[in-house]
Amino acid sequence: MSDQQKDDRRKAPGDDRGAATQGLENIIAGREEKLARLAEAAPAYPYRFDRTHRSHEIRAAATTLMESQERVRFAGRLMAKRGMGKTMFAPLDDEWGRLQVYFKKDDLGPEAFKRAQKLLDLGDVIGVEGHLFETRTGELTIHVERFELLAKALRPLPEKYHDMSVELKSRRRHLDLAMNLETRERFRRRSAIVTELRRHLDEAGFLEVETPALQPLYGGATARPFVTRHNALDMELYLRIADELYLKRLIVGGLDRVYEIAKDFRNEGMDRTHNPEFTMLEAYAAYWDYHDMMDLAEALLRRLGERFGEDGTITYGEHTIDVSRPFARVRFMDALVEATGEEVGALDDAALADLARSRGVKIKPGMGRDRVLDELFSELVEPTLIQPTFVMDHPKELSPLAKDHREAEGLVERFELFVCGFELANSFSELNDPREQRRRFEAQMTLAAAGDDEAQQLDEDFLEAMEHGMPPTGGIGIGVDRLIMLLCDCHSIRDVLLFPAMRPEGRQERPGFSEDWQRKADDDQAADQAGQEA
RNA sequence: GGGCCGCUAGCUCAUCUGGUUAGAGCAUCUGCCUUUUAAGCAGAGGGUGCCUGGUUCGAGUCCAGGGCGGCCUACCA
């Protein structure tokens, strides 16, 4: 574009005759022009602004502040302009809410008033100083004596009376946050919930730790991993699907209550309850068993219900969840028997498969008997578990890291906590016999060989650690995003993730990722070698 | 992965069975307005109708392929 053309484009909004503004480009050009004019009066991008109050603090202290007539300094984003000739009202949003400000020509002087009236745009971030008053309709308002631009919005805000599209909210979360106080509050609440989780575990004597996200072997759960590559080590690494195997090594080492709140990565489908990266809380306590972990889970939920629910209950869609009372406890097999009306445990494999098929459960070749039970359970029982319910004592084959049940043959000491039909927590008395653990891994490998693509890998380093002696241990994993969904009455995981995974829009040219990346890695390696030889 | 639905101005949406110049509200621009509340009044501008092909005298509209999204479903936590 020539300078002449640029000038023509920029002339538009400033000129009284106004060459027509058209489209986004000219809106931006117009705002750039206004920015230039504002910059004549004051720095366009000042370095700081001293606020005396935030919006909620002004509201809380409103009576006193109005009496004292003291000056407050407040900053936020300009959300509307209601100009009335020689005065102007404008709502200003900060993180905590909205506060109206009032510009008056007689008080500001003609130049400053004109700047506010003509050169400020919706979306601009400004700081104001003035005293508080109430309008005749009772709206708390700052009477502006001075204001300054803190950042110009060169692009227009979305329309304010209709909801932004779901896609736009997710792709441009900054706009969703800027436009919707509820969104800001939701993510503040998420943070508060996570803080509360930490506080509870800290108070219970747990130590927060960090373990590798890049792992040479993936384990601790059944899922397909993301694969990445370490150039210097010249090896493939996996993004963790769980922290479990590392946390247990810490138990071996004598850190006897540990937890980690971390992103796990699973290379699987995405939907309303699944995102490729998600946040998991895992906690392990030496000398505990799964009964102790049930107590912990119950106490956690109760505490969160007290803090974030109403009277110990949580509203989720049409359901009212009571977390104040002890949770129901039901054995896995008993729940299946009740759901099917059949003595499931007594059926032989063929009869079991027939039963499953008759209930619409798809049986794939290579699925072991316990996998069939698990599918049946998912299909028939899970959706019915609305109130908090511990489902306990699962079939052994499904739980290669859990300890044999102390009484029941073929079962392990495990529980899953279900609320509103989805799994919130998974826990066991951790298997701590290294020889048994090896046998379980080997059984998994047999399943893998038989075509079970979810079977777990044998982790020799983990086994070696266990061979040094791992105390009896209780462990639990809690899906943090789902917990947040429950406590925020959100029905899509996207609503509780600031930046949910989305396909790129393709509005920017993207490099041919994998090939360029690999080529660069090779180049780097060649350069390193050349450097060493030199 | 499969099915259904959607994609039109910066945003939210109209545009009937293919047919003049694709409309509205908000936002923008010009003018008026000294306590407004989705402020108001008068006027103006703003469109690659997701992309690529096809059918047709004529396509935002019909057909095919592709892209992105939503819902349901499958897999999973």
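Here is the naming used below: chain letters follow the sequence lines, and residue numbers restart at 1 for every chain. What you see below is based on every heavy atom in this structure, not just the backbone, and it leaves out hydrogens, waters and symmetry mates.
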message = Within the 3.5 Å criterion, strictly below it, is a donor on A:Gln100 or A:Tyr102 matched to an acceptor on the partner's side chain?
response =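 There is no such pair (donor and acceptor under 3.5 Å, judged by atom type) between the side chains of A:Gln100 and A:Tyr102.
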ask   = Does a donor on one side chain and an acceptor on the other come within less than 3.5 Å for A:Thr211 and A:Asp243?
value =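 Looking only at side-chain atoms, A:Asp243 and A:Thr211 do not form any donor-acceptor pair under 3.5 Å.
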request  = Answer yes or no: does a side-chain N or O of A:Arg31 lie under 4.0 Å from OP1 or OP2 of B:C29?
outcome  =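 Checking B:C29 against A:Arg31, no side-chain N or O comes under 4.0 Å of OP1 or OP2.
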request  = Respond yes when some side-chain nitrogen or oxygen of A:Lys34 is under 4.0 Å from OP1 or OP2 of B:C29, and no when none is.
outcome  =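 A:Lys34 to B:C29 OP1/OP2: side-chain N or O found under 4.0 Å.
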Please list, for nucleotides 39-43 of chain B, all pairs of protein and nucleotide N/O atoms separated by less than 3.5 Å.
from  : atom 1 : to      : atom 2 : distance (Å)
B:A39 : OP2    : A:Arg82 : NH1    : 2.4
B:A39 : N7     : A:Gly83 : O      : 3.4
B:A39 : N6     : A:Gly83 : O      : 2.6

For [N], does the base pair up with any side-chain atom of [X] as donor and acceptor (N or O, under 3.5 Å, distance only)?
X	N	result
A:Asp271	B:C75	yes
A:Thr141	B:U35	no
A:Gln100	B:U36	yes
A:Thr135	B:U36	yes

Looking only at atom [atom1], what distance separates [N] and [M], rounded to whole Å?
N	M	atom1	value
B:A24	B:G67	C1'	29 Å
B:C71	B:U30	C1'	45 Å
B:G23	B:U28	P	23 Å
B:U8	B:U48	P	12 Å
B:C51	B:G47	P	15 Å
B:U55	B:U15	P	29 Å
B:U52	B:G60	P	13 Å
B:U37	B:C41	P	11 Å

Let me know the distance between [atom1] of [X] and [atom2] of [N], rounded to the nearest Å.
X	N	atom1	atom2	result
A:Asn26	B:U30	CG	P	13 Å
A:Ile28	B:A27	CD1	P	18 Å
A:Arg155	B:A9	CZ	P	15 Å
A:Leu92	B:U37	CG	P	19 Å

Okay, side chain of [X], backbone of [Y]: is any donor-acceptor separation there less than 3.5 Å?
X	Y	value
A:Asp264	A:Thr279	no
A:Lys81	A:Gln117	yes
A:Arg240	A:Gln215	no
A:Arg77	A:Gly123	yes

query = Hey, which of these two, A:Asp481 or A:Ser165, hits RNA chain B nearer its 5' end, going by closest nucleotide?
reply =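 Taking each residue's closest nucleotide, the earlier one in sequence belongs to A:Ser165.
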request  = Could you please name the option among B:A27, B:G69, B:A77 that lies closest to any side-chain atom of A:Phe278?
outcome  =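 Minimum distance to the A:Phe278 side chain belongs to B:A77.
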inquiry  = Can you identify which nucleotide, out of B:C29, B:U34, B:C68, has its nearest atom closest to the A:Asp106 side chain?
reply    =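 Looking only at heavy atoms from C-beta outward on A:Asp106, the closest nucleotide is B:U34.
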key: Nucleotide-level pairing of RNA chain B, given in dot-bracket where Watson-Crick and G-U pairs need both distances under 3.5 Å and | marks other strands   = (((((((..((((.....[...)))).(((((.......))))).....(((((..]....))))))))))))....
inquiry  = Heavy atoms only, 4.0 Å cut-off, all strands: where does A:Arg266 land among base, sugar-phosphate and nothing?
reply    =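 Touches a base.
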ask   = In residues 107-127 of chain A, what residues come within less than 4.0 Å of RNA chain B, judged by heavy atoms?
value =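 Heavy-atom cutoff 4.0 Å gives A:Lys118, A:Leu122.
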key: Under-4.0 Å salt bridge between A:Arg37 and A:Glu33   =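 Yes, A:Arg37 and A:Glu33 are salt-bridged.
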